[in-house]
Protein chains: 2
Amino acid sequence: MNGKATTTRTKLERGRSALGPALELVHTGRAPTRAVLTSELGVTRATAGAVAAELEALGLIRVDSSPGSAAGSQGRPSHRLSVLETGPVVLAAQVHADGFRAALVGLGGRIVATSPGCVAVMADPAQVLGEVVEAGAELLRASGLRCVGAGLAVPSAVAEPEGTALNPLHIAWPAGSPVRDIFAACVRRAGITGPAFTGNDVNLTALAEHRHGAGRGAQHLLCVATGHRGVGGALVLDGRLHSGSSGLALEVGHLTVNPEGRPCHCGGRGCLDVETDPLAFLTTARREPGPEESLLKQAGNLLRTEYDDPAVRQAAEALIDRLGLGLAGLVNILNPDRIILGGLHRDLLEADPERLRAVVADRSLWGRSGSVPILPCTLAHNSLVGAAELAWQPVLDDPLAALA
Amino acid sequence: MNGKATTTRTKLERGRSALGPALELVHTGRAPTRAVLTSELGVTRATAGAVAAELEALGLIRVDSSPGSAAGSQGRPSHRLSVLETGPVVLAAQVHADGFRAALVGLGGRIVATSPGCVAVMADPAQVLGEVVEAGAELLRASGLRCVGAGLAVPSAVAEPEGTALNPLHIAWPAGSPVRDIFAACVRRAGITGPAFTGNDVNLTALAEHRHGAGRGAQHLLCVATGHRGVGGALVLDGRLHSGSSGLALEVGHLTVNPEGRPCHCGGRGCLDVETDPLAFLTTARREPGPEESLLKQAGNLLRTEYDDPAVRQAAEALIDRLGLGLAGLVNILNPDRIILGGLHRDLLEADPERLRAVVADRSLWGRSGSVPILPCTLAHNSLVGAAELAWQPVLDDPLAALA
DNA sequence: GCAGTTTGTTTAGTTGCGGCACAAACTCAG
DNA sequence: CTGAGTTTGTGCCGCAACTAAACAAACTGC
């Protein structure tokens, strides 16, 4: 009998229909009406109508055909599409140097509920993740909503396919912790349904900003961000996160941006990492750095409130120049059509946008690629929303299968 | 037995969707038999049979159901699939510092005919491209085969969507020449049918090696190569060339690999470009560089024949160390699962593979990503074959539409 | 109130492909 | 040589997803 031995992935591999793409369009806000959905999908009105009706029947979106809410343009007003407020949610969790936080996130990146951020971060990942998942489970019980998955953002590169955190330096976890499995175990133990995913926070920030924030519409989106210590990067290509063959792409912290700069633990000198993080800024500006978990806020405040102080301004300009050098190097390699900056890099951009753009343009090989727009991240809780995107992905890929 | 002449129902519109993927599998040699095609496509035997029959009817592949040619394994032997030798071809052209060359390339990267390489390269792109296309048209007339497109490889970044050559330094063309349009005009004027494409030679080398050479099966393939002067890079992601938002990605020549190195025209010091090309090797080895168009051969010969000379060996090791530094930087950013090297970089790899691998592993952030395999390019005329791939792409995407 | 425009809905095909049953071509054991 | 076992090719049926076309509905502007 040929029944069991057939190993072909016949059913799962086939995209079932336009359901997934349609949901993604509503999810990212690119299909506000059924007419737009029709043209974006490139199908007939009949098909788009059937697809929208099915997504509504699945309890994912709302199709609003009320009469008077109209448009102003000619012709019959199109039905409005929106995500359903009472639809399913995913559990999103974030661990960083400040502590951890859990949230429920609906389609469209809508944060339904968040736990208060907790400050204590312990050296045992299982304990931390157990607590944060429990906080999320509590939110879930209070809300009464259906949960279809869970996502976690950690401040470390996450190696695939093992799901281990390689450099969770800022949160005192042992390097190589199997965070994905630990998180998945916590999720199961808390009785939360659906698959569990784990990713690097900057990667997830980029994903969130691409779908709901400053990266919307970009085809080659580069995101660079500093937290309290260290620099992270991420690349979103054609709507998909590019994290390399083993999840370790865009580790941009060790680009050389200052050959005579300070030594770095990687063995080189003047790496982007040690030249453009909050600690570098504070020491360059001759300020006493505070406790590690508040370095980012301290540096940001200094930039915003004392930019007329020559020492602060000089330090900012030095960092901007080095950041620009690093970004130019990345532009030459990746040729993105948009760059977004987070953390202290975002503050540096806003302190003197022209200077940063000029440096990048000057050190890029050709004007065209160097004139790439550089924008600040706009989304609140962007890595939380990004963690949610990870959990939403199966639903976006195949709503029928994911909700079954 | 002989192939059955008539299918009962001639449904010429049969396969819209699986046709392209099926042709690509045969084209890249990943579907030697219909049984493999069935499992690779993830469809039923019936579907794969229909698809193969239609590709045969289109004159693209051959389905060999002869009896005795069988396999040795159990069960009924599967029909063999191969590209049809008398099927259509594309015109491939290449311009580089040595001169230019035209060829006819069939499916499977098979070079059907090549013109003798011509040495004279003139400063007027229209004249050069006119001559090379005419040489190709002559091959085509002599062969009597059908031509379905044309592709050109140039030693310069090609900006999209304009199709202009930004830095054709080695061939004395004016920067910004609209090479794509010039080439397309020459192709039309020569009476050659099908669309015409233009790309950077290293990009096309990577594409060719990915489909038919040392890059086969890699999901994230990085290719780095030096010609006579200057370094180029390319990235193939999931079988598709990644050339950035405007075709300028992987301009890796100006990564800093030697902070105290020689000055570069880009304004920096110690760029990969000026530290690892043939001229750098020859001067470091204290040899008199010959004429520019034979630098690559001179350096390669020196490496192979006088590696026991201490000056040569020292120079090679210095270049290997710097190349390794540059590759490690790229590994940290792109996290490829395979690296292939061309030109002088290939020769350096073969001179001391262990040294290069050790440097890359040492300067990569994590062992895992640093232990990426580094291989030499294997394909003869790889940028010619790559130019052909460009022209084949529409056929691979939708055979019915492209051959209509 | 009417023409013009745009969109939603219904109905009738069309098609790519899975599922199944069976035939064909091979290997191997005896 | 023969029959069992295995793997693959082929014909047929039907479904699910889509298109095409005709019609109905809801808006604007004159």
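Within every chain, numbering begins at 1; the chains are lettered A, B, ... in the order of the sequence lines, protein sequences first and strands thereafter.
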What is the distance, rounded to the nearest whole Å, between atom [atom1] of [X] and atom [atom2] of [N]?
X: A:Glu56; N: C:dG8; atom1: CD; atom2: P; result: 13 Å
X: B:Arg45; N: C:dC20; atom1: CZ; atom2: C1'; result: 10 Å
X: B:Glu54; N: D:dG9; atom1: CD; atom2: C1'; result: 18 Å
X: B:Leu41; N: C:dC17; atom1: CG; atom2: P; result: 9 Å
X: A:Arg80; N: C:dT7; atom1: CZ; atom2: P; result: 13 Å

Under 4.0 Å from OP1 or OP2 of C:dC17: is there any side-chain N or O of B:Ser17 that close?
yes

Is the shortest side-chain N/O distance from B:Thr47 to OP1 or OP2 of C:dC17 below 4.0 Å?
no

If you take any heavy atom closer than 4.0 Å to DNA chain D, which residues from residues 27-34 of chain A end up in contact?
none

Table of protein N/O atoms under 3.5 Å from nucleotides 3-6 of chain C N/O atoms:
| from | atom 1 | to | atom 2 | distance (Å) |
| --- | --- | --- | --- | --- |
| C:dT6 | O2 | A:Arg76 | N | 2.8 |

For [X], which residues count as a side chain to side chain donor-acceptor pair (under 3.5 Å) partner, sequence neighbours excluded?
X: A:Arg34; answer: none
X: A:Thr28; answer: A:Arg30
X: A:Thr44; answer: A:Thr47
X: B:Arg110; answer: none

Using a 4.0 Å heavy-atom cut-off across all strands, classify A:Ala46 as base, sugar-phosphate, or nothing.
base

Stepwise, does the side-chain hydrogen bond (donor to acceptor under 3.5 Å, both in side chains) test hold for B:Glu389 with B:His27?
CA-CA 10 Å; B:Glu389 290 301 322; B:His27 172 61; 2.8 Å; yes

Could you tell me how the ring of A:His242 sits relative to the ring of B:His220: parallel (under 30°), tilted (30 to 60°) or perpendicular (over 60°)?
tilted

Could you pull out all residues at least two apart from B:Arg240 that satisfy salt bridge (Lys or Arg N to Asp or Glu O under 4.0 Å)?
B:Asp397

Taking salt bridge (Lys or Arg N to Asp or Glu O under 4.0 Å) as the definition, give me every residue that meets it alongside A:Glu162, ordered by chain and number, with sequence neighbours left out.
B:Arg368

Sequence neighbours excluded, the answer for ring-ring contact (aromatic ring centres under 6.0 Å, His included) partners of A:His79 is none

